[in-house]
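So the structure is just underneath, and the comments pick up after that.
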Amino acid sequence: MKIYSTMSRKKEELKVISQNKVKLFVCGPTVYHDAHIGHGRTYIFFDVIKRYLKFIGYSVFYIQNITDIDDKIIKKAELSKSEPNDIAKIFEKRYLEDMYLLNVTSVNKYARTTDYIDEIINQIERIMARGFAYETSDGIYFDVKKFKDYGKLSNVDIKELENHREIEEVNKKNPQDFVLWKKRRSSSEPVWDSPWGKGRPGWHIEDTAITEYYFGNQYDIHGGGLDLMFPHHEAEIAQLKAINDKAIVNYWMHTGFLNVSGFKMSKSLNNFVTIRDLLKEVSTQSFRFFVISSHYRSHVEFSKEDIVKCEKALRRIKNFTKILNERNIYENIKPKEDIVYEPLKKCREEFFKGMNDDFNTPVALSAIFSFINDSKKDLIDDKIPMSDIINALIFFDEASIILGIDFNSELDIYKKDSCSEDLLNLINDVRKKLREDKNYELSDEIRDKLHDLGIDIND
RNA sequence: GCCAAGAUAGCUUAGCGGCGAAGCGGUGGACUGCAGAUCCAUUACACGGGAGUUCAAAUCUCUCUCUUGGCUCCA
């Protein structure tokens, strides 16, 4: 199993800290608006990563933080004349709903920042005690000059930054220094007691507090979107090392951007697509397929058309597994016999080779399609041994579990409720009669209009 | 300005030293009253330009052109 590490900028063999165990942390969202499809991409991918590591035998503990106290949340609360905590609660709930809809089910623990205030304060105290942070009139700051490796992960030259950083805080020793604890600035913001008076945590400290609480000083994988590499992950590394020289994160993984109409999603550009809006138009499975049909580190351009293409491709796989299922005349028999059918052997080999090579899902998918192309005729002609029909079904089950896309179920975009289903049956009966009377004109018109409504009928 | 990523058939995406691959699309056919779906067959003048290294380069080096991203909060 090879994983690309941002720190070394190359693929490295996965070596876990304790046998068979992977401690995985991924930066979660700040809950002040609905998650967009870029979040969707990142979290679907880490979902696949977790699923795969688990599949190949690791016991994975996957934590994601939820930032529920932040400037943006406070600002949003002010605008909507509500409490920051209420805003956070609402969007946290909506975020979890979105993840559920995306079939992102592999996170073991969602950790809220405000549940770890004690740990955060304690960590800041230790960072200060070791001389890596200092107090000013408005907060506690990390002294970046004390940590020589600051900038190593993102390959950023600290000196360069001086020219570009906004200097919003005059009391800081250096413009690059980042805040660990913010002292109360206005009466409306939520605060907690601390040795430095009432205040709230800075953004970077929550992750190290949470990871230390659950994982200790060393853990295996830390993931997140590419945009978090600097300064967020640099800050985390600095904090970790400030607490403990031996602290280490072995693999830093970053997902590439999902851009819309050539640009990164932003509200000002009005190219902001939320997960819930997208799922009104395309199925979860199609979107997941879209996400995994490119490599997680590459930059991807979002387009509805491409998701439609993915939906068609996905349907091809489903049609194939449908035939496989029909051929499986022995129910409940799962012989773990060796595979003799060559295309299936090749398919498995390629699939796992791809996944083992830094989670190369496009290769894995390609292996599936090659298998379908190579074997479809044999399947229809009944030339595949029954044991391998079953082995193929087992393979598709495994692939479904790993990728979080059920290849064995029919693609169904439209949620059926009993009423609309009855109604559709009624319309179909009417059309059937019309066709029997050779009144094609009217029956076709109904079909066309249903199509416009997004309902396709197969005669 | 500094730091990155990228340019592969009509479109999307892999490959990253030795038959250019997958999906979508296109074309022909089967099925159908027709369309779609499905199936079968088939297709393609695709590795941004130019040098170099090598027996061999899409793949390595240099260079040019272009695109995108980061350097402020950001998955």
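The analysis underlying the following values was restricted to heavy atoms, covering all of them including side chains, and did not include hydrogens, waters or symmetry mates. Below, chains carry the letters A, B, ... as their sequence lines are ordered, and counting in each starts from 1.
- Donor-acceptor pairing under 3.5 Å, judged by distance alone, is present between the side chain of A:T42 and the base of B:A75.
- The A:A313 side chain lies nearest to B:C24 when the options are B:A14, B:C24, B:A75.
- Residue A:D71 is out of contact with every strand shown, counting any heavy-atom pair closer than 4.0 Å.
- Looking at the side chain of A:S366, the nearest of the listed nucleotides B:A75, B:C24, B:A21 is B:A21.
- Among the nucleotides B:A35, B:C39, B:C24, the one closest to the side chain of A:R447 is B:A35.
- For the C1' atom pair drawn from B:A7 and B:A14, the interatomic distance equals 15 Å after rounding to whole Å.
- The P atoms of B:U32 and B:A58 are separated by 49 Å, rounded to the nearest whole Å.
- Distance CG (A:D177) to P (B:U72): 14 Å, rounded to an integer number of Å.
- The distance from the OH atom of A:Y32 to the CG atom of A:D71 is 11.0 Å, given to the nearest 0.5 Å.
- Within 4.0 Å (heavy atoms only), A:H232 reaches no atom of the nucleic acid at all.
- Under the 4.5 Å side-chain criterion, counting only non-hydrogen atoms from C-beta, A:N391 is not in contact with A:F395.
- Candidate nucleotides B:C73, B:A14, B:A75 were compared by shortest atom distance to the side chain of A:T30, and B:A75 ranks first.
- The same atom, C1', is picked in B:C47 and in B:G17; the two are 15 Å apart, to the nearest Å.
- Look at the C1' atom in both B:G70 and B:U13: the space between them is 24 Å, to the nearest Å.
- Nearest nucleotide to the side chain of A:S298, out of B:A14, B:A22, B:C24: B:A14.
- Remark: ring of A:Y43 does not overlap the six-membered base ring of B:A75 in a stacked fashion, as centroids less than 5.5 Å apart with planes less than 30° apart are not both met.
- To the nearest whole angstrom, the two C1' atoms, one in B:C73 and one in B:C62, are 39 Å apart.
- Atom name P, nucleotides B:G10 and B:C45: the rounded distance is 9 Å, in whole Å.
- No side-chain donor from either of A:Y95 and A:E97 sits under 3.5 Å from a side-chain acceptor of the other.
- Regarding contacts with the backbone of B:G25, a side-chain N or O of A:K312 is found under 4.0 angstrom from either OP1 or OP2.
- Of the residues listed (A:I402, A:L365, A:N356, A:N360), the one engaging A:F351 in a side-chain contact (heavy atoms from CB on, under 4.5 Å) is A:I402, and it is the only one.
- Atom NZ of A:K322 has 12 or fewer heavy atoms from other residues, nucleotides or ligands within 6.0 Å.
- Proximity note for A:F369 (side chain, C-beta onward) versus B:A75, B:U13, B:G23: the nearest is B:G23.
- Looking at heavy-atom distances under 4.0 Å, A:L258 makes contact with a base.
- Side-chain atoms of A:Y43 and A:D98 form no donor-acceptor pair, as typed in the model, at a separation below 3.5 Å.
- In this structure, the NZ atom of A:K304 is 21 Å from the P atom of B:C24, given to the nearest Å.
- Within 6.0 Å of atom NZ in A:K376, more than 12 heavy atoms from other residues, nucleotides or ligands are found, so the atom counts as buried in its surroundings.
- Taking atom C1' in both B:G25 and B:A9, the straight-line distance is 11 Å, to the nearest Å.
- Taking atom CE of residue A:M99 and atom P of nucleotide B:A75, one finds them 11 Å apart after rounding to whole Å.
- For A:K376, counting side-chain heavy atoms from C-beta on, the closest listed nucleotide (B:C39, B:A75, B:A14) is B:C39.
- When heavy atoms are screened at a 4.0 angstrom cut-off, A:G38 is found touching base atoms of the nucleic acid.
- With P as the reference atom, B:A41 and B:A46 are 24 Å apart, rounded to whole Å.
- Looking at heavy-atom distances under 4.0 Å, A:D444 makes contact with a base.
- We find that OH of A:Y95 is positioned 10 Å from P of B:A75, with the value rounded to whole Å.
- More than 12 heavy atoms of other residues, nucleotides or ligands sit less than 6.0 Å from atom NZ of A:K183.
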Polar atoms only, N or O, under 3.5 Å: list the protein pairs with nucleotides 67-70 of chain B and their distances.
unit_1 : atom_1 : unit_2 : atom_2 : d
B:U68  : O3'    : A:G262 : O      : 3.4

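- Using a 4.0 Å heavy-atom cutoff across all strands shown, A:K72 reaches at least one base atom of the nucleic acid.
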